[in-house]
Amino acid sequence: MRRRGRSLRVGLIVEVEAYDGPRDLACHASRGRTARTEVMFGPAGHAYVYLVYGMHHCLNVVTGPEGYPAAVLIRALALDPQDGDEAGQAARAAAGPGRLTRWLGVARAQNGADLCDRSGPLWIEASGPPAPKAIVTGPRIGVDYAGRWAARLWRFGIAGHPALSVPFARKKRGAGPARG
DNA sequence: GTCCGGATCTTT
DNA sequence: AAGATCCGGACA
């Protein structure tokens, strides 16, 4: 949930990635505790927002116990249909970590925001539809540099959801599709 | 101070 | 297939 003045934007989280602690080479905190990663070392439930590629912001939820840097990257939201012009466009407006921060209007000003505070500018609540049974997993996106950590299946999504950012490789079936 | 490269998206 | 675009982190 994102509130700016009188406007409220609501999305359902449909895709995430886990970044787990100082040993995970894909986790920013693996290079030590710095000003940027500071909030990841703080208490869980706060927002870790950073800039990638010089142009896109990414929104993470700090998850570990205090002092242990871990976070979950929110990669895609499904939108309330009334928030989009057209059903098809709404489905993709927040598909992808950079897209969703743009759609929410989240940037570094929201770094450290308390995501459990429903009276704040940005928060998460468990008020959506029941958790889906079918969750698909895959390797995290864009972290090939992370050695063996890149192979961990730490990307999670709701199976078949139209708002997923990048397709999940399907289970082998005959001549398995090499993802292209 | 300087340099390098990225948890992406859009356009060709 | 490649450009946009800039900060954080590593080195000096």
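In what follows, every chain begins at residue 1, and chains take the letters A, B, ... in the order their sequences are listed.
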Atom CZ of A:Arg140 and atom C1' of B:dT8 are separated, to the nearest Å, by 17 Å
For DNA chain B, what is the dot-bracket line, given that a base pair needs Watson-Crick (N1 to N3, plus N6-O4 or O6-N4) or G-U wobble (N1-O2 and O6-N3) geometry with both distances under 3.5 Å, and | means paired with another strand?
||||||.||||.
Please report, rounded to the nearest Å, how far the C1' atom of C:dA4 is from the CG atom of A:Leu51.
12 Å
Looking at A:His28, A:His57, A:His56, which hits ring pair (Phe, Tyr, Trp, His ring centres under 6.0 Å) with A:Tyr50?
A:His28
OP1, OP2 of C:dC7 versus side-chain N and O of A:Tyr53: anything below 4.0 Å?
no
Rounded to whole angstrom units, what separation is found between the CG atom of A:Leu25 and the C1' atom of B:dA7?
14 Å
Find the distance A:Trp149:CH2 to B:dG6:C1' and express it as a whole number of Å.
20 Å
Phosphate-side-chain proximity, A:Arg75 and B:dT8, N/O vs OP1/OP2 below 4.0 Å:
yes
State whether the aromatic ring of A:Tyr19 stacks on the base of B:dA7, taking stacking to mean ring centres under 5.5 Å apart and ring planes under 30° to each other.
yes
Just the rounded figure in Å: distance from P of B:dC9 to CD1 of A:Ile141.
10 Å
Quick one: is A:Thr34 getting a side-chain N or O under 4.0 Å of the C:dG9 phosphate, OP1 or OP2?
yes
Does some side-chain heavy atom of A:Val49 sit less than 4.5 Å from a side-chain heavy atom of A:Cys58?
no
Please report, rounded to the nearest Å, how far the C1' atom of C:dT5 is from the NE2 atom of A:His57.
12 Å
Tell me which nucleotide among B:dA7, C:dT5, C:dG8 gets nearest to the side chain of A:Met55.
C:dT5
Could you tell me how far apart A:Asn60 (CG) and B:dG6 (C1') are, to the nearest whole angstrom?
14 Å
same_hphob_cluster(A:Trp154, A:Ile13) at 4.5 Å side-chain heavy-atom cutoff:
yes
Under 3.5 Å, is there any donor-acceptor pair linking the side chain of A:Tyr50 to the base of B:dA7?
yes
Could you give the distance from CD (A:Glu15) to NE2 (A:His161), rounded to the nearest 0.5 Å?
10.5 Å
Just the rounded figure in Å: distance from C1' of C:dG8 to CG of A:Asn111.
13 Å
From the set B:dC9, C:dG9, B:dG6, return the single nucleotide nearest to any side-chain atom of A:Thr37.
C:dG9
Is it the case that the base of B:dA7 and the side chain of A:His28 share a donor-acceptor contact (distance under 3.5 Å, atom types as modelled)?
yes
Could you tell me whether A:Gly54 contacts a base, only the sugar-phosphate backbone, or nothing, with contacts defined as non-hydrogen atoms closer than 4.0 Å?
base
Stepwise side chain to side chain contact (heavy atoms under 4.5 Å, CB included) test for A:Val143 and A:Trp149:
CA-CA 8 Å; A:Val143 298; A:Trp149 295 92; over 6 Å; no
With the side chain defined as heavy atoms from C-beta on, A:Arg36 is closest, among B:dT10, B:dT8, C:dG9, to C:dG9
N/O (side chain, A:Arg99) to phosphate O (OP1/OP2, B:dT10) under 4.0 Å
yes
Test A:Leu104 against A:Gln110 for side chain to side chain contact (heavy atoms under 4.5 Å, CB included), laying out the working first.
CA-CA 11 Å; A:Leu104 288 174; A:Gln110 280 67 240; over 6 Å; no
Trace of the side chain to side chain contact (heavy atoms under 4.5 Å, CB included) decision for A:Leu59 with A:Leu122
CA-CA 11 Å; A:Leu59 172 62; A:Leu122 181 67; 4.1 Å; yes
Touch check for A:Arg31, heavy atoms < 4.0 angstrom, all strands: base, sugar-phosphate only, or nothing?
sugar-phosphate
Considering only side-chain heavy atoms of A:Arg108, which listed nucleotide, C:dG9, C:dG8, B:dC9, is closest?
C:dG8
Expressed as a whole number of Å, how far does the C1' atom of B:dG5 sit from that of C:dA2?
16 Å
Test A:Asp24 against every option in A:Arg152, A:Arg148, A:Arg140 by the salt bridge (charged side-chain N to carboxylate O under 4.0 Å, His left out) rule and name the one that passes.
A:Arg140
